[in-house]
Amino acid sequence: MKIDERKIENLKALMLESPPDFQKISEFLDRNHLSGEEVTVAGIRYVDECMFDYDTLTHELGRIPTKEEWEALPSAYIYDLLELLLANGLDPNMIYEEENIMEMLPLIAHGYVGADTMRLLLEHGGDLNLEVRGEPIFYDVDFDVIFGAIEMTNRIRYAECIHIWFVMIGFGAMTPNGKIPVTMTGQDDIEIFKQHEQFDYYIEIKEGDGFTIHIFERETSREVAYL
């Protein structure tokens, strides 16, 4: 694959501005005629820069960032920027130097940005069975939801992860043994979880190391599934 590194790095730099100038980015894309591969590599590198921006800022400040500081982070704009890149040839399934955008989204610490963006990419042809470093991208998310139910101390990050998991199972993700990851309690279709923001969860701790993740509809508190 022959790519123009200068164009890719210039596009990435524009996306990392805070806030990004969408008109300037659109004009850059129109003027420079990047290939789909180049647009995707720029997207991968941009998301890579966003993965730990919250943790980095927290460390630099020595405190929790304010709402204004949080909203100014590059990760706040992932959805809108990738939507623009999709219109200019971004391929959600492209792997470049063992990295893929969908596989990186669970490491984005910015509320529901990761889940919303996962839905966007899956709606534009993202493949749940895509293998990165030898394993389908869903497996790591599924492991984090199950293992992290008790072990993950940062519950905000856990909530971000489980909402990405909601989206992925809504699009048909399966466990390694080919089963739906949850048990539905009624007649609802698994696709309801595409609208992840309509659902929440609580974890019931049982004797020993057992637990159940109950998933309920936010508006009605009706339980729709459990794990």
Side-chain angles (χ1 to χ4, degrees), residues 44 47-48 50-59 64 70 75 78 92-93 95 98-122 126-185 188 190-218 223-227:
I44 289 171
V47 174
D48 185 66
C50 294
M51 283 197 299
F52 300 106
D53 61 2
Y54 178 83
D55 296 333
T56 300
L57 180 61
T58 301
H59 178 74
I64 300 297
W70 182 68
S75 57
I78 285 178
N93 300 313
I95 300 170
E98 296 192 329
E99 288 190 317
N100 168 266
I101 291 175
M102 293 187 295
E103 186 247 352
M104 293 190 285
L105 288 177
L107 298 174
I108 300 298
H110 212 106
Y112 290 159
V113 166
D116 291 343
T117 306
M118 180 66 77
R119 177 170 60 198
L120 174 71
L121 296 179
L122 292 173
D127 181 5
L128 287 166
N129 296 312
L130 179 71
E131 292 191 4
V132 180
R133 293 183 294 277
E135 195 167 70
I137 57 174
F138 176 67
Y139 288 7
D140 278 346
V141 179
D142 192 50
F143 174 84
D144 288 343
V145 166
I146 295 171
F147 180 78
I150 305 298
E151 300 297 330
M152 190 179 292
T153 56
N154 188 328
R155 303 316 291 176
I156 294 175
R157 297 296 289 272
Y158 183 78
E160 292 168 348
C161 179
I162 202 169
H163 275 266
I164 291 175
W165 184 74
F166 287 166
V167 170
M168 297 179 87
I169 63 176
F171 277 87
M174 297 285 188
T175 62
N177 58 6
K179 294 184 178 180
I180 296 173
V182 297
T183 299
M184 305 299 288
T185 59
D188 295 297
I190 196 74
E191 289 190 5
I192 61 173
F193 293 118
K194 291 179 180 179
Q195 307 306 318
H196 70 94
E197 63 277 8
Q198 297 179 10
F199 301 94
D200 215 330
Y201 68 96
Y202 72 90
I203 299 172
E204 177 189 4
I205 308 297
K206 299 183 177 181
E207 290 186 13
D209 296 325
F211 65 88
T212 299
I213 301 175
H214 300 272
I215 305 168
F216 61 91
E217 195 175 49
R218 280 182 166 168
E223 184 173 358
V224 296
Y226 63 87
L227 169 64

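Between Y201 and Y158, the ring planes lie perpendicular to each other; the angle is over 60°, past the 30° to 60° tilted range.
Nearest heavy-atom pair, I190 versus I169, reported as atom, atom and distance to 0.1 Å: CG1-O, 3.4 Å. The nearest pair of heavy atoms linking P106 to V141 is CG-CG2, 3.7 Å. When all heavy atoms are compared, the tightest approach of D142 to P181 is OD1-CB, 4.3 Å. The shortest heavy-atom contact between G126 and P92 is CA-CB, 4.0 Å. Scanning all heavy atoms of the two residues, the minimum distance from L121 to L105 falls at CD1-CD1, 4.0 Å. Shortest non-hydrogen contact noted between F193 and A225 is CZ-CB, 3.9 Å.
A donor-acceptor contact shorter than 3.5 Å is absent between the side chain of R157 and the backbone of A109. Side chain of S75 to main chain of H110: no donor-acceptor pair is present (N/O by atom type, distance under 3.5 Å, no hydrogens or angles). Judged by distance alone, the side chain of E160 and the main-chain N or O of G111 form a donor-acceptor pair under 3.5 Å. Counting only distance, with no hydrogens or angles, the side chain of N93 and the backbone of D127 share a donor-acceptor pair below 3.5 Å.
Applying the ring pair (Phe, Tyr, Trp, His ring centres under 6.0 Å) rule to F216 yields no partners; only residues at least two apart in sequence or on another chain are considered. With sequence neighbours excluded, the residues forming a side chain to side chain donor-acceptor pair (under 3.5 Å) with H196 are D116, H163, listed by chain and number.
Salt bridge D140/R133: absent, no basic N to carboxylate O contact under 4.0 Å.
At least one side-chain heavy atom of V145 sits less than 4.5 Å from a side-chain heavy atom of C161. Between V167 and K194 the shortest side-chain heavy-atom distance does not fall below 4.5 Å. A 4.5 Å side-chain heavy-atom check between W70 and D53 finds every atom pair outside the cut-off.
With rounding to the nearest 0.5 Å, the separation of CZ in F138 from OG1 in T175 is 7.5 Å. Annotation: the span from L57 atom CG to F52 atom CZ amounts to 15.0 Å, rounded to 0.5 Å. To the nearest 0.5 Å, atom CG of residue L227 and atom CD1 of residue I215 are 7.0 Å apart. Here CD of E197 is found 4.5 Å from CZ of R119. Values are rounded to the nearest 0.5 Å. The line from CD1 of I203 to CZ of F211 is 7.0 Å long, rounded to the nearest 0.5 Å. Put simply, OH on Y202 and CD1 on I213 are 12.0 Å apart, with the number rounded to the nearest 0.5 Å.
In summary, the aromatic rings of Y112 and F166 are positioned with their centroids too far apart to meet the 6.0 Å limit.
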Item to check | Chi angles and distances behind the side-chain contact (heavy atoms from CB on, under 4.5 Å) call for M102, L122 | outcome: CA-CA 9 Å; M102 293 187 295; L122 292 173; 4.0 Å; yes

Checklist entry - Should I44 and M104 be marked as a side-chain contact (heavy atoms from CB on, under 4.5 Å) after you check the CA-CA gap, both sets of side-chain angles, and the distance that decides it? => result CA-CA 9 Å; I44 289 171; M104 293 190 285; 3.8 Å; yes

Item to check | Pair E217-F199, side-chain contact (heavy atoms from CB on, under 4.5 Å): steps then yes or no | outcome: CA-CA 5 Å; E217 195 175 49; F199 301 94; 4.3 Å; yes

Next on the checklist: One pair to check against side-chain contact (heavy atoms from CB on, under 4.5 Å): W165 and V182. What are the steps and the verdict?
Outcome noted: CA-CA 11 Å; W165 184 74; V182 297; 3.3 Å; yes

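Crowding of I156 atom CD1: a count of heavy atoms from other residues, nucleotides or ligands under 6.0 Å not exceeding 12.
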